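Down below is the structure, laid out as structure tokens.
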Amino acid sequence: MRRPALGDPLWLGQYRVLAELRRDETTRVLLGSGPDDRLVALTLPNTAEDNGFRAEAAALSAVFEADPDAATPWHASEFHPGPALEDVPGALPEPAVRRLAAGIAADLTRLHSAGLAHGNLDPSHVRLTNHGARLVPRATGTDPAADLFALGTLLAAETALPEAIRPCLAENPPDRPTASQLLETIGPAAAPWPPAVEKLIAEQTAELAPFLDAQPAEDKTDPVIHQVAEDFPAAPPPPLSRRRILLGALALVLLGLAGWLAWPGPPKPDALPPAPQPPLVESGFLVARGHPQFLQYNHDGRLLATADADFTLEVLDVDTRKPVGRRLGPFPETSVAGMAFGLDGLSLVIARVKDTQLTTQTWNAWTGQETSAPLVFDGIDRDGGWPALSPDGSLLTVPMASPRRLDVWRVADRTRVGSIDTPAAFRYSEFSPDGHTLAVYQRDGHSDHPGQFRLWDMASLKPAGAPITMAANERLCCFAFRPDGRTLITTSGEAREPAKVHQWDTAAHQELRPAFTLAPTRIDQQNGTVWMTMALAGLDDQHLLALSAGTLVVLRLDGKQEGAGLPGIASLSVSPDRKTIATTSGSTADNNVHLWHKP
């Protein structure tokens, strides 16, 4: 990376050029900054020939802006801060290779779904970032199957290929999987990068800092050119006036007085301690088109779906911080029962409830087109249950009233795969992060009868172990799994009463540690906002997150709060890598999704 040299453009369109990122035989890439301080990669052809540059700029969905007719043709696309794969020393371990394959396959899926092919998939076009692997956007190829072969060749150079990736090297192109099929086979790959890669990402991020602080050089060129003889005597400096001398002396006196006042004195014994600092700091925001109320990340953390107050749904790109595709809806008078992204990173499954009708639809997140016929259920038991989607949107639980039960459906082919007998009046379910286990809570409605959790194996639809029994006077509010599925976190309590948080071992079916309480649910009488109370897994294994009456707090596992809370939070979603929290505000005037991370 270097600063712009003499002859390099200082501006391309609305983007200020900060540095040169890389250069090869056909293109060079510059780092640019837009009017909103968003960083972009500016791609320029190295030769006068077009070589498909114009068509590529027009076709790539990752391109924000382009001017192929300019004196210096260019296009701007999202910038991925991270090392190229060719800059990573040594071979990657298999979990990192799977993460690498998942990231590349996700980008290829988007490219191929637009009818394009990359055509130049080599280590220089792959970036390893904090959000996973990203593919530098190109569209010079003609055969998507060739991209899959190049992907297999690329990964084979890193390690012995995992079984799921070997078909990419099939000699016959039809025998190779598509990018979406490969992504579905690999599954969500959230294993962290090796320490060496994390170090490279941190070093490159630090390397960017001097370029981001640089300001455009002020043009000090005198438009009038003077020719001065070499032996012309230099003009003597003007003498200092009495007034300037007095002002300078006064400035020195004031400077000395300010230094004396600022000099730290002995600490006062009764000085107040500093105010507690929040354990989360804001790292940016996403611009939504409506007021978001519910959020859901996709599996690689690049997209975020929102359900808005005007009964519409939209998808936001985390990197560009802007919406993608068109808004879905509106769907009047419906409640969102669940949102989940498919493993291909493109499919968005949405379950909506209106009265006693449940409708599940699958959309292409980038085009906004519905990809299959809706799955519709009439006569669901809305008073005694609530539907649940698996994390990949492939399975759906439907509470039915007569007889009382939970039906399990496969969304893709609209097939009922089985039923779970739940005769209790109230029954709610939640899938584990891998979708292999379903936690079902049921209670018969009697105040002196305890509620029970039972874990069900989704492969056999049989209970796994003995039930987990709660206290007789506890009413469940919500529950959630930790990312590894080994802990179930439950929040119980009535409205306006303190909520109680339990943490259960899903293998031993025993409570891991004593329960603790949270502030009760708060209802804002002025605007009707209900501030829910719930606990879920935190950004690491030693902490929890709690949304307690409109304030987001970070808790230790024993319930002790760390730092100050963040007020005015209505809902949240944690990114798959557990580094970022996306939140919505309770204020209807705030249409943004705010992003937070640990300092």
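Model, not experiment: these values are computed from the prediction.
- Within the 3.5 Å criterion, the main-chain N or O of Ser492 finds no donor-acceptor partner in the side chain of Glu474.
- Considering only heavy atoms from C-beta on, Leu438 stays 4.5 Å or farther from Glu430 through its side chain.
- Shown here for Gly345 and Trp366, the closest heavy-atom pair between the two residues is O-NE1, 4.1 Å.
- A salt bridge links Asp558 with Arg556: the closest approach of a Lys/Arg side-chain nitrogen to an acidic carboxylate oxygen falls below 4.0 angstrom.
- Around CD of Glu203, the count of heavy atoms belonging to other residues, nucleotides or ligands within 6.0 Å exceeds 12.
- Between Val349 and Thr360, the closest side-chain pair of non-hydrogen atoms falls below 4.5 Å.
- Between Asp355 and Arg382 there is no salt bridge, since no side-chain N of the basic residue sits under 4.0 Å from a carboxylate O of the acidic one.
- Across every non-hydrogen atom of Phe431 and Met458, the tightest pair is CE2-CE, 4.0 Å.
- Residues meeting the ring pair (Phe, Tyr, Trp, His ring centres under 6.0 Å) test with Trp456, sequence neighbours left out: none.
- Classification of Arg513 and Asp505 as a salt-bridged pair fails, no side-chain N sitting under 4.0 Å from a carboxylate O.
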Begin from the C-alpha positions of Trp504 and Thr490 and carry the test side chain to side chain donor-acceptor pair (under 3.5 Å) through to its verdict. CA-CA 8 Å; Trp504 309 90; Thr490 65; 3.1 Å; yes

Steps toward side chain to side chain contact (heavy atoms under 4.5 Å, CB included) verdict (Asp457, Lys462): CA-CA 6 Å; Asp457 176 68; Lys462 293 183 178 180; 5.6 Å; no

Going through the checks in order, is the side chain to side chain contact (heavy atoms under 4.5 Å, CB included) test met by Trp409 and Leu375? CA-CA 9 Å; Trp409 287 77; Leu375 181 59; 4.3 Å; yes

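- Closest approach of Asn130 to Asp577, counting heavy atoms only: O-OD2, 3.4 Å.
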Evaluation steps, side chain to side chain contact (heavy atoms under 4.5 Å, CB included), between Phe516 and Leu544: CA-CA 12 Å; Phe516 58 85; Leu544 301 175; 3.8 Å; yes

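- Using modelled atom types, one finds a donor on one side chain and an acceptor on the other under 3.5 Å when comparing Thr583 with Trp596.
- The shortest distance between side-chain heavy atoms of Leu389 and Leu395 does not fall below 4.5 Å.
- Between Lys598 and Asp540 there is a salt bridge, since at least one side-chain N of the basic residue sits less than 4.0 Å from a carboxylate O of the acidic one.
- Within the model, atoms CD of Glu314 and CG of Leu348 stand 11.5 Å from one another, a figure rounded to the nearest 0.5 Å.
- By the ring pair (Phe, Tyr, Trp, His ring centres under 6.0 Å) test, Tyr441 is found to be paired with Phe453, residues two or more places apart in sequence or in another chain being considered.
- In this structure a side-chain-to-backbone donor-acceptor pair under 3.5 Å is missing from Arg410 to Ser394.
- When all heavy atoms of Asn591 and Ala288 are compared, the pair lying nearest together is O-CB, 3.0 Å.
- If you take CG on Leu555 and CD on Glu562, they are separated by 8.5 Å, rounding to the nearest 0.5 Å.
- Taking the side chain as every heavy atom from C-beta outward, Leu316 and Leu303 never approach each other to under 4.5 Å.
- Put simply, the side chain of His509 gets close to the backbone of Thr506: a donor and an acceptor are under 3.5 Å apart.
- The shortest non-hydrogen separation linking Leu182 to Ala164 is CD1-O, 3.5 Å.
- More than 12 heavy-atom neighbours from other residues, nucleotides or ligands sit within 6.0 angstrom of CZ on Phe311.
- Side chains of Gln357 and Arg352: no donor on one and acceptor on the other come within 3.5 Å.
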Do Asp319 and Arg134 pass the side chain to side chain contact (heavy atoms under 4.5 Å, CB included) test, and can you show the C-alpha distance, the side-chain angles, and the key distance before you say yes or no? CA-CA 11 Å; Asp319 289 332; Arg134 297 303 306 265; 2.5 Å; yes

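- Classification of Asp300 and Arg302 as a salt-bridged pair holds, one side-chain N sitting under 4.0 Å from a carboxylate O.
- The NE2 atom of His597 lies 10.5 Å from the CG atom of Leu539; values are rounded to the nearest 0.5 Å.
- Using a cutoff of 4.0 Å between basic side-chain nitrogens and carboxylate oxygens, Asp407 and Arg405 are scored as salt-bridged.
- Going from atom CG of Leu536 over to atom CD1 of Ile489 covers 6.5 Å, rounded to the nearest 0.5 Å.
- Remark: side-chain polar atoms of Thr312 are not paired, donor with acceptor, to backbone N or O of Asp310 under 3.5 angstrom.
- Separation of atoms NE2 (His594) and CZ (Phe285) is listed at 8.0 Å; rounding is to 0.5 Å.
- A donor-acceptor contact closer than 3.5 angstrom is absent between the side chains of Thr109 and Ser180.
- Note that Arg99 lies in the cation-pi zone of Trp193, set by a 6.0 Å cut-off to the ring centre and a 45° limit from the axis.
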Decide yes or no on salt bridge (Lys or Arg N to Asp or Glu O under 4.0 Å) for Asp541 and Arg486, but give the supporting numbers first. CA-CA 11 Å; Asp541 293 335; Arg486 298 176 182 175; over 6 Å; no

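- Closest heavy-atom contact between Thr584 and Gln293: OG1-O, 3.9 Å.
- Considering only heavy atoms from C-beta on, Leu128 comes within 4.5 Å of Leu100 through its side chain.
- Checked by atom type and distance alone, the side chain of Thr437 never pairs as donor or acceptor with a backbone atom of Ser432 at under 3.5 Å.
- In terms of modelled atom types and a separation under 3.5 Å, the side chain of Gln561 and the main chain of Gly563 share a donor-acceptor contact.
- The closest donor-acceptor contact from the side chain of Glu282 to the backbone of Leu595 lies at 3.5 Å or more, if one exists at all.
- Counting heavy atoms of neighbouring residues, nucleotides and ligands inside a 6.0 Å radius, atom CD of Glu184 does not exceed 12 of them.
- Test Ser429, Ser419, Ser390 against Thr397 for side chain to side chain donor-acceptor pair (under 3.5 Å) and you get one pass: Ser429.
- Side-chain atoms of Ser548 never come within 3.5 Å of backbone atoms of Thr551 as a donor-acceptor pair (strictly under, hydrogens ignored).
- Looking at heavy atoms from C-beta onward, Thr580 lies in side-chain contact with Tyr297 at the 4.5 angstrom threshold.
- Within the 4.5 Å cutoff, the side chain of Cys478 has heavy atoms near those of the Met534 side chain.
- Residues Asp378 and Thr356 form no side-chain contact, since every pair of their non-hydrogen atoms from C-beta on lies 4.5 Å or further apart.
- Proximity of a side-chain donor or acceptor of Thr491 to a complementary backbone N or O of Ala535 within less than 3.5 Å is detected.
- At least one donor-acceptor pair closer than 3.5 Å links the side chain of Asn298 to the backbone N or O of Gly301.
- We find the CD-CG distance between Gln503 and Leu557 to be 5.5 Å, quoted to the nearest 0.5 Å.
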